[in-house]
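Residues take their numbers from the sequence shown, with the count starting at 1. Side-chain atoms are counted along with the backbone in the values below, which use heavy atoms only and exclude waters and symmetry mates.
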Amino acid sequence: MFPSSDLSFSPSSMFSAYASLTGFLMLFRSMLHDFVPEQLRSYLSGLLDRFFTPKSKNLTVIIDENFGFNRNQVFDAAEMYLRNKIGPDTERLRVGKTPKQKHFTISIEKGEEIFDTFENSEVKWSYVQSENEKSEKVKRYYELTFEKKLRDKIMGSYLSHVVEEAEEMKRNLRVVKLYSRDVYASDDDDGSAGGNWGCINLEHPSTFDTLAMDPNAKKKIIDDLERFLKRREFYKRVGKAWKRGYLLYGPPGTGKSSLIAAMANYLKFDVFDLELSSIYDNGELKRILLSTTNRSILVIEDIDCNAEVRDREAEDQQSEEAKRKVTLSGILNFIDGLWSSFGDERIIVFTTNHKERLDPALLRPGRMDMHINMSYCTGLGFRTLVSNYLGLDGLNHPLCEEIEKLIDSTEVTPAELAEELMQDDDTDVVLRGVISFVEKRKVERSKPKKEEAFIFKAKVVGDDDDEKQSGSLNCVKKKACKRKGKGKGKFKTY
C-alpha cells in the first residue's frame with residue numbers, strides 16, 4: 001500500500017491510505033454496535049477517558065438545601081455567610097425585604113461564583129439551581145470547590161468557621177423580643193417560648209452609648225457581659241449553671257429599665273418581663289420559668305414591692321392559704337437550686353428602689369452576682385444627656401461646666417434632667433433652664449436636712465421645757481416627716 005523506495009509519499013498514495021483507514025473504522029464501528037452490548041461499550045468508553053483525560057487537582061463538595069427530611073444547616077449557613085463575600089465582580093444578585101425586616105436581604109443568583117480565602121487557601125463557591133420538568137420541583141445547592149490537598153482543612157476548620165460566622169450574623173440581625181404573660185400572641189411571635197408568653201418586638205432605642213451613666217461603670221458592665229458570654233466551657237468546668245444575676249438598685253428615674261434595654265440590645269437577648277403577683281404558687285412559677293428560652297434576660301422589676309416574696313423565717317408560720325402564694329424560697333430554689341441548671345446563657349435581673357429591704361439570702365453571689373448602683377446623675381452623665389438631646393459636646397459650651405458642678409453637688413435624676421433638656425429648641429435657653437431647675441432642686445433637698453438638724457437640737461433642751469415648746473417640737477417633726485416622705489410609695493418591710 002505504501003511505496004518501499006526512498007520513503008517518499010505522493011498525494012495519491014496518502015489519499016489512498018486515508019480512504020483505506022476510514023473504511024476500516026466505519027466497518028469496525030458497525031461491528032462494535034452490532035456485536036458488543038451497550039453496557040460494555042459504555043464501560044470501555046469510560047475506561048479510555050480515564051486513561052487519556054488528565055486528573056483534576058480539585059475537589060467539589062455539594063451542599064444541598066435539604067438533608068434528608070430536614071433543612072441543611074450548612075446550606076443555610078453558607079447562604080448567610082456569602083452575603084458578606086459578594087464582591088464587585090458579581091454580575092447578578094437577588095434582593096428582597098419583608099415588612100418586618102429593617103434591612104434588605106441580598107443573595108447571589110444561580111450561576112454566580114464567589115471566591116473566598118481562609119488561612120491563605122482559596123475556595124470557590126457556586127450557586128446552582130435546577131428544575132425538574134416532571135415534578136416542577138426546584139433543586140438548590142451550593143458547590144464548594146478547592147484543591148484536594150486542602151480537604152481536611154476545608155471539611156473541618158473552614159466549614160465550622162462558615163457556620164460560626166453565619167450564627168454571629170444572625171444574632172446581629174435578629175430582632176430582640178419582649179415577652180410578657182399579659183400580652184396576647186401577635187405576628188411578631190416566633191413561637192419559641194411556651195407557657196402562655198406573648199411577645200412584641202423590643203424597639204427600645206437605649207444603648208450603652210446613650211445611657212447617662214459614669215463611663216467607668218458602663219465599661220465595667222460591658223466587660224462583665226463579654227466575659228460571661230465567653231465562659232461556656234469555664235462554667236461547665238467549674239460545675240456551675242451558665243447564668244448571671246444582676247441587681248439594679250437606686251431611686252426612681254435613674255435609668256434601671258433603660259439599662260436592661262441596653263443590655264438586651266447589646267447582647268441580642270430576648271427579654272422576659274415577669275410579674276410575680278400574677279403567679280398562683282411556686283409550682284406555676286417553676287413551669288413559667290422553664291418555658292423561657294436560652295440567650296434571654298429574665299426581669300423582675302421592683303422585687304421589694306412584691307408582697308408574695310416573704311422572708312423565709314416567716315414562711316414557716318404562714319397559713320395554708322398563704323402557702324399557695326409565690327415565696328422567696330421558691331424564687332431562690334429556681335435561680336440557685338437544682339432547677340437553675342436548665343438552659344444556657346441566662347441572665348436574671350432584679351430591680352429595686354430599696355436594696356436594704358431585700359432578704360440577704362437574695363443578695364449573695366451566685367444569685368445576684370453583680371450589684372449595680374443606679375445613683376443620681378453625675379457631671380459625666382450629664383455630658384451624655386447633652387450629646388443625646390442637644391447634639392453638643394458638653395466641654396464646648398460655657399454653661400455646661402457650671403451645670404456639671406451643680407449636678408455633682410445635689411441629687412437629681414437623669415429622667416428629670418432629660419425632661420428639662422426637651423423644654424425648648426434654643427440651646428442657651430435650655431441650659432439656663434437646667435441651671436434654674438438644679439439650683440431649685442438643691443434648695444429643696446437641703447430643707448429637710450435643716451429641719452432634721454433643728455429637731456435634733458431641740459431634743460437636747462431637756463425635760464424642764466414647758467408643754468408649749470414640746471408641742472411646737474412635735475409639730476415640726478410632723479412637718480419634716482411629711483415632707484421627707486412626700487411622693488414615696490408604700491412598701492412592705494420583710
Close aromatic pair by centroid cut-off 6.0 Å: Phe208 and Tyr266: yes
Interatomic spacing from CG in Leu363 to CD in Glu356 - rounded to 0.5 Å: 10.5 Å
Backbone N/O of Leu289 and side chain of Thr292: donor-acceptor pair under 3.5 Å: yes
Distance-only polar pair, side chains of Arg94 and Thr105, donor-acceptor under 3.5 Å: no
side-chain hydrogen bond (donor to acceptor under 3.5 Å, both in side chains) partners of Tyr81, counting only residues at least two apart: Asp116
Check against side-chain hydrogen bond (donor to acceptor under 3.5 Å, both in side chains), Asp304 and Thr352: CA-CA 6 Å; Asp304 58 303; Thr352 178; 2.7 Å; yes
Asn72 and Tyr141: CA distance, side-chain angles, deciding distance, side-chain hydrogen bond (donor to acceptor under 3.5 Å, both in side chains) verdict: CA-CA 10 Å; Asn72 189 349; Tyr141 59 91; over 6 Å; no
Whether Thr210 side chain and Ser206 backbone form a donor-acceptor pair below 3.5 Å: no
Side-chain (Asn265) to main-chain (His204) donor-acceptor, under 3.5 angstrom: yes
Asn353 versus Pro252, closest heavy-atom pair with distance: ND2-CG, 3.7 Å
Electrostatic pair Arg295-Asp344, nearest N-O below 4.0 angstrom: no
Arg441 with Glu416: basic N within carboxylate O range, under 4.0 Å: yes
Salt bridge (Lys or Arg N to Asp or Glu O under 4.0 Å) between Arg383 and Glu404, worked out: CA-CA 8 Å; Arg383 292 184 187 180; Glu404 289 178 13; 2.9 Å; yes
Qualifying residues under salt bridge (Lys or Arg N to Asp or Glu O under 4.0 Å), relative to Lys219, sequence neighbours excluded: Asp223
Between Lys148 and Asn58: side-chain donor-acceptor atoms closer than 3.5 Å: no
Which atom of Trp242 lies closest to which atom of Leu229, heavy atoms considered: CZ2-O, 3.4 Å
Asp64/Arg71 ion pair, N-O < 4.0 Å: no
Spatial distance of atom CG (Leu390) from atom CG (Leu431) [nearest 0.5 Å]: 6.0 Å
Whether His161 side chain and Ile154 backbone form a donor-acceptor pair below 3.5 Å: no
Shortest non-hydrogen separation from Gly366 to Lys243 and the atoms involved: O-NZ, 3.0 Å
Rounded distance [0.5 Å steps], OH in Tyr389 versus CG in Leu417: 10.0 Å
Distance-minimising heavy-atom pair for Ser296 and Phe269: N-CD2, 3.6 Å
Between OG on residue Ser375 and CG on residue Asp214, distance to nearest 0.5 Å: 8.5 Å
Candidate pair Asp359 and Arg367, rule salt bridge (Lys or Arg N to Asp or Glu O under 4.0 Å), full reasoning: CA-CA 12 Å; Asp359 192 298; Arg367 291 167 180 168; over 6 Å; no
Chi angles and distances behind the salt bridge (Lys or Arg N to Asp or Glu O under 4.0 Å) call for Glu168, Arg171: CA-CA 5 Å; Glu168 182 65 24; Arg171 285 194 290 268; 2.7 Å; yes
Salt bridge flag under 4.0 Å for residues Arg287 and Glu284: no
Heavy-atom donor-acceptor pair, Asp408 side chain to Gly379 backbone, under 3.5 Å: yes
Under the side-chain hydrogen bond (donor to acceptor under 3.5 Å, both in side chains) test, residues paired with Tyr127 that sit two or more places apart: Gln129, Arg140
Nearest heavy atoms of Leu211 and Lys218, plus distance in Å: O-NZ, 3.0 Å
Main-chain N/O of Arg92 paired to Glu112 side chain as donor or acceptor, under 3.5 Å: yes
Side-chain H-bond candidate by donor/acceptor type, Thr413 with Thr254, under 3.5 Å: no
Full working for side-chain hydrogen bond (donor to acceptor under 3.5 Å, both in side chains) between Ser180 and Trp197: CA-CA 6 Å; Ser180 173; Trp197 289 102; over 6 Å; no
Evaluation steps, side-chain contact (heavy atoms from CB on, under 4.5 Å), between Phe272 and Thr293: CA-CA 9 Å; Phe272 288 83; Thr293 62; 3.6 Å; yes
From Tyr246 atom OH to Asp224 atom CG, the distance as rounded to the nearest 0.5 Å: 3.5 Å
Enclosure of Arg364 CZ (heavy-atom neighbours >12, cutoff 6.0 Å): yes
Neighbour count >12 (heavy atoms, 6.0 Å) for atom CD, Gln73: no
Leu178 and Asn201: CA distance, side-chain angles, deciding distance, side-chain contact (heavy atoms from CB on, under 4.5 Å) verdict: CA-CA 6 Å; Leu178 174 60; Asn201 290 340; over 6 Å; no
SB check Arg181 Glu275 (cutoff 4.0 Å): no
Lys170, NZ: over 12 other non-hydrogen atoms inside 6.0 angstrom: yes
Side-chain donor-acceptor contact under 3.5 Å, Glu79 with Ser107: no
Atom pair CG (Leu380) and CG (Leu385), whose distance is rounded to the nearest 0.5 Å: 11.5 Å
Minimum heavy-atom distance Leu285-Leu274, with the two atoms named: CD1-CD2, 3.8 Å
